[in-house]
Each structure stands twice: as C-alpha cells, then as structure tokens.
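Report on the following structure.
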Amino acid sequence: MSDVFQLLRWAAIIFITWTFMHGADHYLAFTREALGKYFNYRWFLIAHITAGGGALILGPLQFWEKLRNNNWKLHRIIGFLYLLAILTSSISAVVLAHTTAYAINWAYAFSAQVWVSVWIIATVIAYWAAIKRKFKLHKEWMVRSYIVTLAFIVSGLALKLPVVKQLGDFADISPTFFWMGWSVPLFVYEVVLAFRRKS
C-alpha cells in the first residue's frame, strides 16, 4: 500500500512540476512579444522558473524517510541543493515583485513581496535548524517551506479555473488568491501540529 502511495505522490509531483514548467514555455522565445513586461528582467524570470521547478522536485526527496535514514550525506546534499534552488528562485522573485509586478497594480506587487519574503524566511529557518541539529524543528520548517513552494502552483492553477475567472479581472482577484495559496495551507499545518503536540 505504501508503494502505491509513493507512486501516486511522485506522479502528482511530476505532473505539478510539468504543469509549472510547461506554462512558461512561451517565454523561451526570448522575444519582446513573448516576454512582454518581463523582457528587461528576462534572466530573473528564467532563473525564477527554472530554480522553482528544481525546488518542486527536490523538496519531496527531503521527506523521503528511507533516504533520510539510510543516507544522511545524500539527504544533506539534496537539502543544500534545495536551499540553493529556493534562494535563486526567491531572490529572482524579489526582483520581479519590486519591478514588473507593479505593471499590474500595487496590491499584486505587495502580495508577491510578502509571499516571497515568507518563502525565504521559512527556508532559511529550516536550514538554520538543521545546522543547530534541531531536527524536529528542521522538519517542521521544511514542511512550511515546501507548502509555500507549492503555493505558487496552487494559486496559479486556481486563477486559471473558469469559475475563478468569472470573479473578476486578474489584477483584481490575483492578490486574494496569492494570500490564500500560502496562508491557508500554513494555518492548516499549524492546527495539525497543535493537535499532534497535545496527543
């Protein structure tokens, strides 16, 4: 049963990553028409997308118990690569959030800035906890980091749903879904942790 679950989990991860990367294929034309407002920041955009896709794949490897228990060195290497992927993608996102995001509106830009700040902070705390050998704390913050990583995909897919598009223009509704994409899952995770600590 566990093997079936693992297979389904990896199928979901691969599908999500493919969807994320495939949705950005048109940017690879590198023309002003294809990149639009991102043209002057195209390398930050490509770094954000590429490193973000890497983080989507590397994150679940960190939660693979067999790998973590049987090969600590590989676990640490993957963790360091995940950290680099997050830093590359998030720093690029910081640049985009403070430049091209304002082409949509202030609310969109501010939502993106807070979002990426939470992403960086959660990942850095997870890394710090690992260095201090606080492994339970490390695992909890790694989960938080990956929740925020997935939020980019969840929000993006939600905004493409016909029922969501009917709610209004992208500029009007996207900030709400940005906040929902990471804050609600993080809140649910905190509730789960609270119940686990009581039991």
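These numbers come from the heavy atoms of this one structure, side chains and all, not from hydrogens, waters or symmetry mates.
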Using side chain to side chain contact (heavy atoms under 4.5 Å, CB included), reason through Trp182 and Val154 one step at a time and then give a plain yes or no.
CA-CA 9 Å; Trp182 64 266; Val154 173; over 6 Å; no

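- Using a 4.5 Å heavy-atom cutoff, the side chains of Leu167 and Phe177 are in contact.
- Applying the ring pair (Phe, Tyr, Trp, His ring centres under 6.0 Å) test to pairs two or more places apart or on separate chains, those with a residue in residues 124-150 are Trp72-Phe135.
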Could you walk me through whether Ile173 and Lys165 pass the side chain to side chain contact (heavy atoms under 4.5 Å, CB included) test, one step at a time?
CA-CA 8 Å; Ile173 65 175; Lys165 288 182 177 181; 5.8 Å; no

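- Counting only heavy atoms from C-beta outward, the side chains of Thr31 and Phe39 never approach each other to under 4.5 Å.
- Under the rule for a side chain to side chain donor-acceptor pair (under 3.5 Å), the partners of Ser145 that lie at least two apart in sequence or sit in another chain are Tyr82, Thr123.
- Considering every non-hydrogen atom in both Ile147 and Pro185, the closest pair reads CG2-CB, 3.5 Å.
- Following chains of ILVMFWY side-chain contacts shorter than 4.5 Å, one can reach Tyr189 starting from Phe63, so the two form part of one hydrophobic cluster.
- Here the side chains of Asn71 and Arg76 are not in contact, with every heavy-atom distance at 4.5 Å or above.
- A single hydrophobic cluster is not seen to contain both Leu87 and Leu45; linkage of ILVMFWY side chains at heavy-atom distances under 4.5 Å, directly or through other members, places them apart.
- Rounding to the nearest 0.5 angstrom, the gap separating the CG atom in Leu96 from the CD1 atom in Ile49 is 8.5 Å.
- Judged by the 6.0 Å and 45° rule, Arg42 forms no cation-pi pair with Tyr38.
- A salt bridge links Glu140 with Arg197: at least one charged nitrogen is closer than 4.0 Å to a carboxylate oxygen.
- Criterion: ILVMFWY side-chain heavy atoms under 4.5 Å apart, direct or through other members. Under it, Leu84 and Val116 are not part of a common hydrophobic cluster.
- Residues Trp115 and Phe152 place their aromatic rings such that the two centres sit under 6.0 Å apart.
- Listed here is the closest heavy atom pair of Ala51 and Ala85: CB-O, 3.3 Å.
- Taking 4.5 Å as the limit, every side-chain heavy atom of Phe110 sits out of range of all side-chain heavy atoms of Pro175.
- In plain terms, the two heavy atoms of Ala97 and Ala112 that are nearest each other are CB-CB, 3.9 Å.
- Taking 4.5 Å as the limit, every side-chain heavy atom of His48 sits out of range of all side-chain heavy atoms of Thr88.
- Here the CH2 atom belonging to Trp106 is positioned 8.5 Å from the CD atom belonging to Gln113, to the nearest 0.5 angstrom.
- Rounded to the nearest 0.5 Å, atoms CD1 (Ile78) and CD1 (Ile57) are 11.5 Å apart.
- Looking at every heavy atom in both residues, Ala103 comes nearest to Lys37 through CB-CD, 3.6 Å.
- Ile86 and Phe80 fall into different hydrophobic clusters, where Ile, Leu, Val, Met, Phe, Trp and Tyr are joined by side-chain heavy atoms under 4.5 Å apart, directly or via other members.
- Note: Ile120 CD1 to Ile91 CD1 = 6.0 Å, rounded to the nearest 0.5 Å.
- Not one N or O on the side chain of Asp169 forms a donor-acceptor pair closer than 3.5 Å with the backbone of Ala171.
- With sequence neighbours excluded, the residues forming a side chain to side chain donor-acceptor pair (under 3.5 Å) with Trp119 are Thr149, listed by chain and number.
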Checking side chain to side chain contact (heavy atoms under 4.5 Å, CB included) for the pair Tyr102/Tyr108: CA distance, chi angles, key distance, verdict?
CA-CA 7 Å; Tyr102 283 100; Tyr108 177 94; over 6 Å; no

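- The CH2 atom of Trp43 sits 10.0 Å away from atom OG1 of Thr50, with the distance rounded to the nearest 0.5 Å.
- Tracing side-chain contacts under 4.5 Å through hydrophobic residues (I, L, V, M, F, W, Y), one reaches Leu157 starting from Met180; they form part of the same cluster.
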Would you please test Ser174 and Leu159 for side chain to side chain contact (heavy atoms under 4.5 Å, CB included) and show each step?
CA-CA 7 Å; Ser174 58; Leu159 286 165; 4.0 Å; yes

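- Note that CG of Leu74 and CD1 of Ile77 are 6.0 Å apart. Values are rounded to the nearest 0.5 Å.
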